[in-house]
Amino acid sequence: MTKEVNITEQLKHYFGFDKFKGDQEKIIRNLLDGNNGFVLMPTGGGKSLCYQLPSLIMEGTAIVISPLIALMKNQVDVINGLSEEEGVAHYLNSSLNKAAIQQVMDDVRKGKTKLLYVAPESLNKDENVEFLKGIKVSFYAIDEAHCISEWGHDFRPEYRNIRPTINRIGDAPVIALTATATDKVRSDIKKSLGIVGAPEFKSSFNRPNLYYDVRPKTKDVDRQIIMFIKQHAGKSGIVYCLSRKKVEELAAILQANDIKAAAYHAGLDSATRSHTQDDFLMERIDVIVATIAFGMGIDKPDVRFVIHYDIPKSLEGYYQETGRAGRDGGEGLCIAFYSNKDLQKLEKFMEGKPIAEQDIGRQLLQETAAYAESSVCRRKMLLHYFGEEYNEENCHNCDNCLHPKEKHEAQDALLIVLKAVLAVKENFRQDYIVDFIQGHSTDDITSHKHNQLEEFGSGEDEDPKMWNPVIRQALIAGYLRKDVENYGLLKVTSAGKRFIKNPKSFMIVEDTDFKEDSEEENMDGGGSALDPVLYSMLKDLRKKMAHKLEIPPYVIFQDVSLEQMATMYPVNLQELQNVQGVGVGKAKRYGAEFCELIKKHCEENGIERPEELRVRTVAKKSMLKVKIIQSIDRQVALDDIANAEGKDFDELLDEIEAIVYSGTKLNINYFLEEVMDDDHVDDIYEYFRESDTDDLEVAMEELGDDYSEDEIRLVRIKFLSELAN
């Protein structure tokens with residue numbers, strides 16, 4: 001066949017490459033011979049060439065089904081740039097108007113177009129099916145094929161209709177391509193597309209240049225990220241967050257700290273998104289803070305770091321997002337911040353979805369938790385998840401390998417696990433097995449009468465924390481496997497059965513314990529770094545100042561603020577405003593003496609102030625707060641403000657208190673004169689002047705039933721505004 005002889009010449013002619021990468025040549029020859037194919041090739045491996053080159057060689061038009069409109073445009077421009085003629089590649093999706101659609105159809109009918117990108121929704125439209133029936137289709141390429149599977153990280157129901165639609169248009173070879181797929185997802189894809197017997201071309205998932213690191217997500221995560229980016233100044237990076245709100249907040253904080261950053265999410269208009277992408281590609285900005293909507297169509301080879309502010313919903317998502325780092329083979333640092341609270345939040349998001357979908361979502365989250373919490377080589381864990389063996393003992397490029405934990409003998413524990421899995425007929429998942437081993441009589445276990453089995457509770461004397469690592473590491477070692485059809489059911493492999501007959505040493509590492517910050521620590525921002533000597537000096541200064549000004553100490557600064565000062569060591573008014581509960585007004589009014597004391601304390605004791613202090617936070621003066629301040633300035637009645645903003649009166653008071661506590665002065669006398677008796681105002685005001693606490697419940701108890709809660713709150717606002725700010 002001439003095609004066979006010329007394929008490398010064609011590669012050189014169209015793309016300028018001298019040779020193929022990896023399996024590209026085999027994949028293309030398989031397609032040129034008229035066969036179906038399944039391609040699993042990680043991001044950056046040259047997937048798109050596997051259908052672009054054959055489309056230019058074969059007779060007819062290749063139809064590429066892709067969910068990403070931005071990527072279609074990008075690839076169409078690339079292909080048209082390779083050719084002297086116009087219209088060699090086109091796309092058909094919802095972004096085109098009628099005239100543009102007509103132009104595409106004309107070019108396809110004339111045989112000009114070799115490559116037609118179609119969104120799955122557009123492919124399934126009757127008018128497009130009719131049009132495509134009338135042309136010669138060379139083959140169908142299904143890109144991002146994991147979207148077919150509910151077990152994939154980006155399931156799209158319209159992908160399920162692809163095979164029936166292909167049957168309507170007319171038969172031709174089908175090639176499915178994806179950058180991430182577990183065994184379960186692979187079998188789903190092949191079944192759904194009707195290509196079960198197709199040859200599989202699987203590239204390695206190992207990216208040796210990527211460094212993987214999972215860190216506990218503590219309250220100073222913003223600071224850690226700023227410090228990390230500043231240590232890698234001028235390098236390109238992406239920070240992924242789950243919510244659009246967090247994306248915008250974090251981008252603003254980075255900008256305030258002189259980092260060239262921009263926000264990117266699907267809620268922004270397309271002009272802003274394109275502009276941000278261009279700025280990133282042209283290196284006018286260094287860092288993109290994004291939801292997972294970003295990066296699908298971006299081919300920037302020198303992204304040096306990818307940070308996950310929130311842990312992703314699945315390991316496939318994580319792999320794909322980290323895969324955007326170091327595509328040029330250079331350094332790629334992948335840092336993820338993990339907290340169990342985030343997993344609980346993600347589980348909460350699933351509520352209200354169909355039960356089957358919740359079940360899948362939960363299992364994918366468990367895989368992510370296993371990856372984050374495990375002390376095993378991260379690379380080994382990831383590759384195992386994608387069905388690939390990694391036999392090195394130490395990859396020397398992940399946090400667990402660079403700081404290995406001590407190994408423990410777990411031969412007996414593994415025996416207990418394997419026997420337990422067999423005892424329940426290999427029909428249950430990991431959490432069930434752990435409950436069974438520990439002797440927990442859950443409803444599920446008693447309904448199956450498994451509490452009557454001899455193996456029930458066989459591990460109840462062991463440390464409960466060991467069972468998850470034993471099972472996870474037994475899976476990696478090949479003693480257990482997860483069933484592909486009923487995903488998650490644990491099965492004992494033949495190696496596992498041999499182990500039962502002839503046990504041998506099985507060394508494991510314990511999981512990392514991601515201790516949560518306690519709520520109190522989160523509230524006070526103090527934590528363990530508090531300087532107790534400085535704290536008591538600051539309290540003394542506050543007491544003296546309060547005595548001199550004849551006001552209660554809490555009016556000057558609350559305890560929370562003093563604790564943060566004794567942790568962060570602010571030495572000027574600008575830095576003092578980073579402290580919780582200290583606004584501009586408070587800093588100017590009371591701050592100078594406190595800064596002076598802190599500065600002297602640091603000098604006398606040789607205290608190195610934390611670098612982090614240079615981190616500037618962003619004032620969260622939301623639009624609502626600004627509106628409230630403006631309305632009070634115009635002397636609008638407070639109940640009218642509440643109605644206008646759709647809030648209850650006590651919700652409005654919450655907002656006003658927050659404004660006043662952060663140091664902004666508000667004059668609500670006009671409203672008090674309307675709604676309150678002067679004597680009541682004076683009595684409550686006097687109470688707060690004498691009291692050593694501003695606690696509302698204490699005030700209500702002391703003042704008795706003559707005053708309502710709203711009255712006490714209103715006068716407290718007046719008192720703090722006049723004396724504290």
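Judged by distance alone, with hydrogens and angles left aside, the side-chain atoms of Gln255 form a donor-acceptor pair with the main-chain N or O of Ala261 at under 3.5 Å. With hydrogens and angles disregarded, no donor-acceptor distance shorter than 3.5 Å links the side chain of Arg304 to the backbone of Ala325. A donor-acceptor contact shorter than 3.5 Å links the side chain of Arg273 to the backbone of Leu268. Using modelled atom types, no side-chain atom of Asp342 and backbone atom of Tyr338 make a donor-acceptor pair closer than 3.5 Å. Here the side chain of Asp279 pairs no donor or acceptor atom with the backbone of Ile285 at under 3.5 angstrom. Counting only distance, with no hydrogens or angles, the side chain of Glu575 and the backbone of Val571 share a donor-acceptor pair below 3.5 Å. With Glu563 contributing its side chain and Val560 its backbone, the two residues share no donor-acceptor pair below 3.5 Å.
Ionic pairing of Glu722 and Lys665 is not present here: no N-O contact between side-chain nitrogen and carboxylate oxygen is shorter than 4.0 angstrom. The pair Asp559-Arg542 meets the salt-bridge criterion, since a charged nitrogen lies less than 4.0 angstrom from a carboxylate oxygen. Salt-bridge check for Asp302 with Lys300: passed, with a basic side-chain N closer than 4.0 Å to an acidic carboxylate O. A salt bridge between Glu249 and Lys246 is present, with a side-chain N of the basic residue lying under 4.0 Å from a carboxylate O of the acidic one. A salt bridge does not link Asp310 with Lys345: every distance from a Lys NZ or Arg NE/NH1/NH2 to an Asp or Glu carboxylate oxygen is 4.0 Å or more.
No side-chain donor-acceptor contact under 3.5 Å links Asp705 and Tyr707. Judged purely by distance below 3.5 Å, without hydrogens or angles, the side chains of His601 and Asp531 pair a donor atom with an acceptor atom. No side-chain N or O of Asp695 forms a donor-acceptor pair with one of Tyr554 less than 3.5 Å apart. Side-chain contact annotation: Tyr687 with Arg716, donor-acceptor N/O pair under 3.5 Å absent.
Contact of the Lys217 side chain with the Lys341 side chain is not registered, since no non-hydrogen atoms from C-beta on lie closer than 4.5 Å. Glu709 places none of its side-chain heavy atoms less than 4.5 Å from the side chain of Asp650. For the pair Val303/Phe280, a side-chain contact is recorded, criterion being any heavy-atom separation below 4.5 Å from C-beta on. A heavy-atom distance below 4.5 Å is found between the side chains of Tyr569 and Leu534. You'll find the side chain of Tyr309 reaches within 4.5 Å of the side chain of Val221, heavy atoms only. Side-chain contact check for Val582 versus Phe557: some heavy-atom pair is nearer than 4.5 Å. Residues His547 and Lys543 have side chains not in contact (no heavy-atom distance under 4.5 Å, counting atoms from C-beta outward). For the pair Gln366/Asp431, a side-chain contact is recorded, criterion being any heavy-atom separation below 4.5 Å from C-beta on.
To the nearest 0.5 Å, atoms CD1 (Ile607) and SG (Cys602) are separated by 5.0 Å. Rounded to the nearest 0.5 angstrom, Thr291 OG1 and Glu248 CD are separated by 10.0 Å. How far CG of Leu562 is from OG1 of Thr567: 10.5 Å, rounded to the nearest 0.5 Å. Atom CG in Leu549 sits 7.0 Å away from atom CE in Met545 (nearest 0.5 Å). The CG atom of Leu343 sits 12.5 Å away from atom NZ of Lys313, with the distance rounded to the nearest 0.5 Å. Note that CD1 of Ile307 and CG of Asp213 are 10.5 Å apart. Values are rounded to the nearest 0.5 Å.
Judged as a side-chain hydrogen bond (donor to acceptor under 3.5 Å, both in side chains), the pairs with a partner in residues 667-677 (not counting sequence neighbours) are, in order, Asn667-Asn669, Asn669-Lys718.
His232 pairs by the side chain to side chain contact (heavy atoms under 4.5 Å, CB included) definition with Phe228, Lys235, Phe305, Leu333, not counting sequence neighbours.
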Original post:
Could you go step by step and tell me if Tyr264 and Ile238 meet the side chain to side chain contact (heavy atoms under 4.5 Å, CB included) rule?
Top reply: CA-CA 10 Å; Tyr264 185 104; Ile238 305 170; over 6 Å; no

Original post:
Taking it one step at a time, do Asp654 and Arg713 satisfy salt bridge (charged side-chain N to carboxylate O under 4.0 Å, His left out)?
Top reply: CA-CA 9 Å; Asp654 290 343; Arg713 289 181 76 182; 2.6 Å; yes

Identify all side-chain donor-acceptor contacts of residues 629-644 below 3.5 Å with residues at least two apart in sequence or on another chain.
residue, atom, partner, partner atom, Å
Ser631, OG, Lys627, O, 2.9
Asn643, ND2, Asp639, O, 3.4

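A ring-centre distance under 6.0 Å is not found for Phe337 and His308.
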